[in-house]
Enquirer: 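So that we are looking at the same thing, I have put the structure below in structure tokens.
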2 protein chains.
Amino acid sequence: MPPVRADPGSADGRLGVTADAVLDAALTLFAARGYHGTAVSQIAAALGIRTPSLYNHMRSKQDLLETIVERTLDEVLDDFRTAVGDLTDPAERLRRATRAYALRHATHRREALVVNRDTTSLPEPTMTRMRERRRDHERVVRAVIADGIDSGAFHVDSPALASFAILEMCVSIARWFREDGARSAEQVADEYTDFALRIVGFVPAPDSTDRQADGTGGPDGSDR
Amino acid sequence: MPPVRADPGSADGRLGVTADAVLDAALTLFAARGYHGTAVSQIAAALGIRTPSLYNHMRSKQDLLETIVERTLDEVLDDFRTAVGDLTDPAERLRRATRAYALRHATHRREALVVNRDTTSLPEPTMTRMRERRRDHERVVRAVIADGIDSGAFHVDSPALASFAILEMCVSIARWFREDGARSAEQVADEYTDFALRIVGFVPAPDSTDRQADGTGGPDGSDR
DNA sequence: CCTACCGATCGGTAGG
DNA sequence: CCTACCGATCGGTAGG
């Protein structure tokens, strides 16, 4: 009886390839060479099997991409909700949201590269859904920034441009971060969080009175 | 019989395809679908000719990519040198460098998308050269930031992280900017320049007689 | 600029 | 998990 679902415990003790292993190999190759630049035969070779055997663990090459993208975007939104929780202070919300996003892009580089490069290769129902999710994420961040402006904590012209800049700056971490580099993922995330607060012109409230911005770009090293 | 060679300015009539036209069509398609996602036949179709005719104007598909990437990176370095000129003030140098880079990514979106997505598809002599050029650009920006820190104008922990953040933030403009959007390329470039100065913790010297006054890092929208 | 055509490789299926 | 094999398409060439 052929195992339809991934069952790691094969009868003869020889560990077969699982659906997750296929997904992981595809993720590595898609990230390195792009979706269209990766042949199904390369995924099979990475797993030490022949191409047709791959189809015992996946539906199609396209389905691999869809699964990777959807799974990743779900996790990003989960990250955001977990990070900001029920906090109300805009600065703290932005801090947590940025930190989680930056951290994710340092620790899930492959996923980030695939999502940001190969979305144009997605079939149509998925592509629209994916765009909506990215837009949702951008909007909640933008709303946090707008809240901060309203409360007088942030001083920036355009919440939209600020949210674009902050989010894309974090995304780009996936392009250069190395696990064996000079800085840990946490250190990078912390620094990028500072950058985010500077971009929105965060000035910690000294006390209750809303102080007028002095117009010189407020943040210096003191808010680190 | 269509003219083999024609004035590029008279674009209305049916003209013979030129090498530049092939490059431009390839640029559009590579940007939209990626290098491996674009078939040579699609480039030909975009120009209204058959695939084999394309080879009167190009050497190979790969050569198109190489030409696009090398040309673009040359222009980026030219941009930088032209923008900063012989200025010495770190803030002014960073301002000009950021503005030029941001502006380029708003006005040359296709080139930016191709360079940032399809570099892994470059053949080896070109790929290394291209990486070196990008690294050179990053280093000069990093040096500007380090200078600003030394002179006391900038206050930021890591010049390297700050330069990554600033450059990649500008690169990402190519992903969302629309010519018919709410802001002009110049407006976006100006805002991103402000973001860059905030990221490095720029505080204008109080006794400076620079023509810039304090509007540079100003978070208020009074001058916009 | 075209028609005719090439070998190679693509993603995927048949059938064990 | 395999061998055998499919039609489609790929980038590119021959030869006008």
Side-chain angles (χ1 to χ4, degrees), chain A residues 1-27 29-30 32-68 114 118 120-123 126, chain B residues 1-6 13-27 29-30 32-68 114 118 120-123 126:
Chain A
M1 186 177 296
V4 176
R5 299 285 159 171
D7 185 10
S10 209
D12 55 358
R14 189 175 169 197
L15 203 62
V17 167
T18 64
D20 277 349
V22 173
L23 219 42
D24 191 74
L27 185 53
L29 286 163
F30 290 172
R33 307 150 123 83
Y35 174 73
H36 285 301
T38 301
V40 175
S41 61
Q42 294 175 309
I43 301 174
L47 294 163
I49 61 177
R50 305 282 177 176
T51 301
S53 305
L54 223 41
Y55 288 82
N56 293 315
H57 310 289
M58 70 182 220
R59 268 200 290 275
S60 67
K61 185 191 180 188
Q62 197 170 73
D63 189 65
L64 289 177
L65 180 62
E66 289 191 59
T67 303
I68 290 168
V114 172
D118 293 316
T120 54
S121 304
L122 285 170
T126 307
Chain B
M1 190 159 200
V4 175
R5 211 171 259 275
R14 258 297 203 238
L15 303 177
V17 168
T18 63
D20 277 350
V22 173
L23 218 42
D24 191 74
L27 185 53
L29 286 163
F30 289 172
R33 307 149 122 85
Y35 174 73
H36 285 301
T38 300
V40 174
S41 61
Q42 294 174 312
I43 301 173
L47 294 164
I49 61 176
R50 305 282 177 178
T51 301
S53 305
L54 223 42
Y55 287 82
N56 293 316
H57 309 289
M58 68 183 220
R59 266 201 290 276
S60 67
K61 184 190 180 188
Q62 198 169 71
D63 189 65
L64 288 177
L65 180 62
E66 291 191 57
T67 302
I68 289 168
V114 172
D118 292 316
T120 56
S121 303
L122 284 170
T126 307

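Lettering follows sequence order; numbering is per chain, from 1.
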Enquirer: To the nearest Å, how far apart are A:I43 CD1 and C:dC10 C1'?
Expert: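 Rounding to the nearest Å, CD1 of A:I43 and C1' of C:dC10 are 13 Å apart.
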Enquirer: Could you work out which one of D:dG11, D:dC1, C:dC1 sits closest to the side chain of B:K61?
Expert: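 Output: D:dG11.
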Enquirer: Specify the separation, in whole Å, of atom CD of B:Q62 and atom P of D:dG12.
Expert: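 These atoms are roughly 8 Å apart.
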Enquirer: Distance check, rounded to the nearest 0.5 Å: B:M58 atom CE versus B:I43 atom CD1?
Expert: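 B:M58 atom CE to B:I43 atom CD1 measures 6.0 Å (nearest 0.5 Å).
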Enquirer: Considering only side-chain heavy atoms of B:V17, which listed nucleotide, C:dG11, C:dC1, D:dC1, is closest?
Expert: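 The nucleotide sitting nearest to the side chain is C:dC1.
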Enquirer: Between D:dT3, C:dG11, D:dG12, which one does the side chain of A:P52 approach most closely?
Expert: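 Selected nucleotide (nearest to the side chain): D:dT3.
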Enquirer: When the distance from CG of B:L54 to C1' of D:dC10 is rounded to whole Å, what number comes out?
Expert: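 Atom CG in B:L54 sits about 14 Å away from atom C1' in D:dC10.
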Enquirer: How close or far is atom P of D:dC10 from atom CZ of B:R33, stated in whole angstroms?
Expert: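 Rounding to the nearest Å, CZ of B:R33 and P of D:dC10 are 11 Å apart.
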Enquirer: Write down the partner of D:dA8 under the Watson-Crick or G-U wobble criteria, each distance required to be under 3.5 Å.
Expert: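 Pairing partner, where one exists within any strand: C:dT9.
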Enquirer: Between A:R33 and A:T38, which heavy-atom pair has the shortest distance, and what is it?
Expert: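 Here A:R33 and A:T38 meet closest at CB-OG1, 3.8 Å.
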Enquirer: What's the verdict on side chain to side chain contact (heavy atoms under 4.5 Å, CB included) for A:L47 and A:L54, showing C-alpha distance, side-chain angles and the deciding distance?
Expert: CA-CA 9 Å; A:L47 294 163; A:L54 223 41; 3.8 Å; yes
Enquirer: Choose from D:dC1, D:dG11, C:dC1 the nucleotide whose nearest atom is closest to any side-chain atom of B:A39.
Expert: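 Closest nucleotide to the B:A39 side chain: D:dG11.
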Enquirer: Whole Å only: how far is the CG atom of A:N56 from the P atom of C:dG12?
Expert: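 Nearest whole value for this atom pair: 14 Å.
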Enquirer: Looking at every strand, decide which applies to B:H36 at a 4.0 Å heavy-atom threshold: base, sugar-phosphate, or nothing.
Expert: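 Nothing, no heavy atom under 4.0 Å.
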Enquirer: Taking OH from B:Y55 and P from C:dC1, how many angstroms apart are they, rounded to a whole number?
Expert: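 Computing the B:Y55:OH to C:dC1:P distance gives 15 Å.
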Enquirer: Could you tell me which nucleotide pairs with C:dG15 by Watson-Crick or G-U wobble geometry, both distances under 3.5 Å, or answer none if nothing does?
Expert: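 The answer is D:dC2, by the H-bond criterion.
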Enquirer: How many angstroms lie between NZ in B:K61 and CG in B:D63, if you round to the nearest 0.5 Å?
Expert: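 It comes to 13.0 Å.
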Enquirer: Could you state the NE2-C1' distance from B:H57 to C:dC1, rounded to the nearest angstrom?
Expert: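 The distance from NE2 of B:H57 to C1' of C:dC1 comes to 8 Å, rounded to the nearest Å.
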Enquirer: Could you please name the option among D:dC1, C:dC2, C:dG11 that lies closest to any side-chain atom of B:S53?
Expert: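 The listed nucleotide nearest to B:S53's side chain is C:dC2.
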Enquirer: Starting at atom CE of B:M58, determine the distance to atom P of D:dG11, rounded to an integer number of angstrom.
Expert: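 It works out to 9 Å between those atoms.
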Enquirer: Would you say A:R50 places a side-chain N or O within less than 4.0 Å of OP1 or OP2 belonging to D:dC1?
Expert: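 For D:dC1, OP1/OP2 do not have a side-chain N/O of A:R50 under 4.0 Å.
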Enquirer: Look at the side chain of A:I49 and decide which nucleotide, out of D:dG11, D:dC1, C:dG12, has an atom nearest to it.
Expert: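 So the nucleotide nearest the side chain must be D:dC1.
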Enquirer: What distance do B:H36 atom NE2 and B:D118 atom CG have between them, rounded to the nearest 0.5 Å?
Expert: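 Answer rounded to 0.5 Å: 7.5 Å.
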